[in-house]
Student: 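What follows is a single structure, and I will ask about it in a moment.
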Amino acid sequence: MNKKLFSFIIAVILTYTCLSGLISANPSNNQQLSVNENISIPQSVSAFDKALVDQRTVFGLTTENSVVSPLINNRKISEKYGFYLSANEEKALDERFNKQDKFIPILKETIRSHQELKENFLGIYIDQNQGGS
């Protein structure tokens, strides 16, 4: 299985698991349920939809109600990524991952070809929340 796809699936599972625990642990009966500190989604939205909206934060995408409500209402779940995305957002993620696919092998080869770097190399972390940097 493609490493990127496998990592994405693990991220979705972990996000959904964590979000499910947060939802069930919230004793409040307020009309709003917070997905993150900044944005609230109406309680009428299912836990599944909330998890798909929360997945957007993993990739640094907005969860503002004005953006995600039309996606939820029109069931705009990306077949490629498995959560709510507009066509432009999906294209932006494709471009981001294509850049990473080109850059990471160059970086790894540079590390392999310099003994000092190779000895001290501990791994690569890509923060998708910060735009994949």
Side-chain angles (χ1 to χ4, degrees):
M1 186 183 296
N2 182 326
K3 286 182 182 180
K4 187 172 25 174
L5 178 61
F6 180 73
S7 296
F8 173 74
I9 291 169
I10 295 298
V12 170
I13 291 169
L14 290 174
T15 300
Y16 183 74
T17 303
C18 291
L19 185 60
S20 296
L22 290 174
I23 291 170
S24 63
N26 186 354
S28 173
N29 288 327
N30 293 341
Q31 289 296 346
Q32 300 286 317
L33 183 61
S34 179
V35 173
N36 63 36
E37 301 103 35
N38 303 324
I39 307 302
S40 292
I41 299 213
Q43 197 169 17
S44 60
V45 174
S46 73
F48 177 75
D49 285 335
K50 288 180 180 91
L52 294 182
V53 169
D54 192 52
Q55 188 62 33
R56 294 172 57 84
T57 62
V58 172
F59 294 94
L61 301 170
T62 184
T63 57
E64 289 183 28
N65 200 21
S66 63
V67 174
V68 298
S69 285
L71 297 174
I72 293 170
N73 292 338
N74 294 314
R75 307 305 294 169
K76 294 288 187 181
I77 300 173
S78 166
E79 289 184 27
K80 187 172 194 173
Y81 295 104
F83 59 95
Y84 290 114
L85 286 175
S86 69
N88 288 338
E89 290 169 330
E90 185 170 319
K91 183 178 177 183
L93 286 180
D94 288 343
E95 290 172 3
R96 179 191 303 183
F97 295 136
N98 285 335
K99 286 179 187 176
Q100 291 170 6
D101 288 344
K102 291 176 184 173
F103 177 74
I104 290 172
I106 295 168
L107 177 62
K108 286 182 176 180
E109 184 55 39
T110 301
I111 291 167
R112 277 190 221 108
S113 65
H114 292 84
Q115 188 61 29
E116 185 177 313
L117 294 174
K118 188 176 178 180
E119 290 172 3
N120 296 308
F121 181 66
L122 298 175
I124 297 173
Y125 174 76
I126 301 171
D127 189 351
Q128 294 299 340
N129 189 288
Q130 297 298 317
S133 52

Student: Salt-bridged, Asp94 to Lys99, with N to O below 4.0 Å?
Tutor: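 Result for this pair is no, no salt bridge flagged.
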
Student: For the atom pair NZ (Lys118) and OG1 (Thr110), what is the distance rounded to the nearest 0.5 Å?
Tutor: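 It is 13.0 Å, given to the nearest 0.5 Å.
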
Student: Let me confirm one number: the NZ-NZ distance from Lys80 to Lys91, rounded to the nearest 0.5 Å.
Tutor: 12.5 Å

Student: Give a yes or no on whether Leu52 and Val58 share a hydrophobic cluster (residues Ile, Leu, Val, Met, Phe, Trp, Tyr; joining criterion: side-chain heavy atoms under 4.5 Å apart).
Tutor: yes

Student: If I take atom NE2 from residue His114 and atom CD from residue Glu119, how far apart are they, to the nearest 0.5 angstrom?
Tutor: 13.0 Å

Student: Quick check: are there more than 12 heavy atoms from other residues, nucleotides or ligands sitting under 6.0 Å from CD of Gln115?
Tutor: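 Atom CD in Gln115 is packed in, count exceeds 12.
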
Student: What's the spacing between Glu89 CD and Phe59 CZ if we round to 0.5 Å?
Tutor: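 Here the rounded value is 12.0 Å.
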
Student: With a 3.5 Å distance limit and no angle check, can you tell me whether Asp49 reaches the backbone of Ile72 through a side-chain donor-acceptor pair?
Tutor: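 No, the answer is negative, given that no donor and acceptor are paired below the 3.5 Å cut-off.
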
Student: Check Lys76, Arg75, Gln55, Arg56 against Tyr84 for a side chain to side chain donor-acceptor pair (under 3.5 Å) and give me the one that passes.
Tutor: Arg75

Student: Going hydrophobic residue to hydrophobic residue with side-chain gaps under 4.5 angstrom, can you get from Leu93 over to Val67?
Tutor: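 The answer is no; the residues belong to distinct hydrophobic clusters.
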
Student: Do Glu95 and Gln100 have a side chain donor and acceptor closer than 3.5 Å?
Tutor: no

Student: Centre-to-centre under 6.0 Å for Phe83 and Phe48, is that the case here?
Tutor: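 No.
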
Student: Drop me the distance from Ile111's CD1 to Ile124's CD1, to the nearest 0.5 angstrom.
Tutor: 5.5 Å

Student: Apply the test side chain to side chain contact (heavy atoms under 4.5 Å, CB included) to residues Phe103 and Lys108: give CA-CA distance (whole Å), side-chain angles for both, the deciding distance (0.1 Å), then the verdict.
Tutor: CA-CA 9 Å; Phe103 177 74; Lys108 286 182 176 180; over 6 Å; no

Student: So, does Ser69 use its side chain to make a donor-acceptor pair with the main chain of Ser66 at under 3.5 Å?
Tutor: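 No; judged by distance alone, with no hydrogens or angles, the pair does not exist.
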
Student: Would the number of heavy atoms belonging to other residues, nucleotides or ligands and lying under 6.0 Å from CZ of Phe121 be above 12?
Tutor: yes

Student: Just how far is it from atom CG of Leu61 to atom CG of Leu85, taken to the nearest 0.5 Å?
Tutor: 6.5 Å

Student: What residues, two or more places apart in sequence or in another chain, satisfy salt bridge (charged side-chain N to carboxylate O under 4.0 Å, His left out) together with Glu116?
Tutor: none

